[in-house]
Amino acid sequence: QVQLVESGGGLVQPGGSLRLSCAASRSIFTINTMGWYRQAPGKERELVADITTGSITNYVDSVKGRFTIFRINARNTVYLQMNSLKPEDTAVYYCNTVPLAISAFWGQGTQVTVSS
């Protein structure tokens, strides 16, 4: 029943910022930890940030201090604020449950490209 739709990606220069959105068709955030994953060409999919039902956040070391994950439950939306972007952040970004992603929840993702 649940669908997740990612948006907010785009082309940005190094050092710039983007805010990604993950909108759910119905509320799931009281049940599941939610996370942002990314996949760059030639690389495996990587979990970069997640937020638990108790609002505990976790980040992969490469984005600590630069990215912030947060929720607005009334909107059924999880966000990823991305600051000080680097070329190595270039990837397609997806949201899904954590630690086990649910296959049917994968959306189209949103492309983030960091380039001068």
Side-chain angles (χ1 to χ4, degrees):
Q1 295 281 65
V2 175
Q3 289 185 303
L4 302 175
V5 179
E6 300 93 346
S7 63
L11 174 64
V12 65
Q13 293 183 335
S17 297
L18 288 171
R19 180 177 290 179
L20 308 184
S21 299
C22 170
S25 58
R26 55 187 263 180
S27 179
I28 60 172
F29 306 138
T30 59
I31 301 171
N32 297 105
T33 296
M34 298 298 300
W36 282 96
Y37 301 79
R38 67 186 180 188
Q39 188 163 25
K43 293 187 176 182
E44 294 184 356
R45 186 176 58 229
E46 173 188 38
L47 177 66
V48 297
D50 64 79
I51 182 167
T52 71
T53 57
S55 297
I56 303 299
T57 57
N58 300 282
Y59 303 92
V60 69
D61 285 346
S62 62
V63 308
K64 284 183 178 177
R66 301 189 297 118
F67 291 9
T68 303
I69 186 170
F70 65 99
R71 302 188 308 252
I72 300 180
N73 288 346
R75 299 180 183 177
N76 292 330
T77 302
V78 178
Y79 299 89
L80 186 68
Q81 179 66 47
M82 309 166 67
N83 299 325
S84 301
L85 283 161
K86 303 175 180 180
E88 52 263 45
D89 296 318
T90 296
V92 179
Y93 284 71
Y94 304 87
C95 59
N96 212 319
T97 49
V98 175
L100 299 177
I102 297 173
S103 180
F105 286 5
W106 292 117
Q108 295 187 56
T110 186
Q111 176 72 51
V112 172
T113 302
V114 184
S115 176
S116 62

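Start at 1 with the first residue, then count along the sequence. All values below were derived from every heavy atom in this structure, side-chain atoms included, with hydrogens, water molecules and symmetry-related copies excluded.
Here Leu47 is tied into one hydrophobic group with Tyr37, Val92, Tyr94, Val98, Trp106, each link being a pair of ILVMFWY side chains closer than 4.5 Å.
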request  = Output, in order, the C-alpha distance, side-chain angles, deciding distance and verdict of side-chain contact (heavy atoms from CB on, under 4.5 Å) for Thr57 and Ile51.
outcome  = CA-CA 4 Å; Thr57 57; Ile51 182 167; 4.0 Å; yes

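Salt bridge Asp89/Lys86: absent, no basic N to carboxylate O contact under 4.0 Å.
Residues that satisfy the side chain to side chain donor-acceptor pair (under 3.5 Å) test with Arg19, not counting sequence neighbours, are Gln81. Asp50 is linked by a side chain to side chain donor-acceptor pair (under 3.5 Å) to Asn58, counting only residues two or more places apart in sequence or in another chain. Partners of Gln111 according to the side chain to side chain donor-acceptor pair (under 3.5 Å) rule, which considers only residues two or more places apart in sequence or in another chain, are Thr113.
Asn32 CG to Phe105 CZ: the interatomic distance, rounded to the nearest 0.5 Å, is 7.0 Å. Summarising the geometry, atom OG1 belonging to Thr77 is positioned 10.0 Å from atom CE belonging to Met34; distances are rounded to the nearest 0.5 Å.
Hydrophobic clustering, with ILVMFWY side chains joined whenever heavy atoms are under 4.5 angstrom apart, groups Tyr93 together with Val60.
In plain terms, the two heavy atoms of Ser17 and Ser84 that are nearest each other are OG-N, 4.3 Å. Scanning both residues, Asn76 and Arg26, for their nearest heavy atoms gives ND2-C, 3.8 Å. When all heavy atoms of Ala49 and Tyr59 are compared, the pair lying nearest together is CB-CD2, 3.6 Å. Taking both residues in full, the closest heavy atoms of Arg45 and Gln39 are given as N-NE2, 3.8 Å, listed atom of the first, atom of the second, then distance.
Between Thr53 and Thr30 there is no side-chain heavy-atom pair separated by less than 4.5 Å. With a 4.5 Å cut-off on side-chain heavy atoms, Arg38 and Val63 count as touching. Annotation: side chain of Leu11 is in contact with side chain of Ser115 (closest heavy-atom distance under 4.5 Å).
Checked by atom type and distance alone, the side chain of Thr90 pairs as donor or acceptor with a backbone atom of Val114 at under 3.5 Å. A donor-acceptor pair under 3.5 Å links the side-chain atoms of Asn96 to the main chain of Ile102, judged by distance alone.
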Please tabulate, one pair per line, all N/O donor-acceptor pairs under 3.5 Å involving side-chain atoms of residues 67-75, not counting sequence neighbours.
unit_1	atom_1	unit_2	atom_2	d
Arg71	NE	Asn73	OD1	3.0
Arg71	NH1	Thr52	O	2.5
Arg71	NH2	Ser55	OG	3.1
Arg75	NH1	Tyr79	OH	3.3

What pairs of donor and acceptor atoms, side-chain ones from residues 3-10 against any protein atom, are under 3.5 angstrom apart with sequence neighbours left out?
unit_1	atom_1	unit_2	atom_2	d
Glu6	OE1	Gly109	N	3.1
Glu6	OE2	Cys95	N	3.0

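A 6.0 Å sphere centred on CD of Gln108 holds no more than 12 heavy atoms belonging to other residues, nucleotides or ligands.
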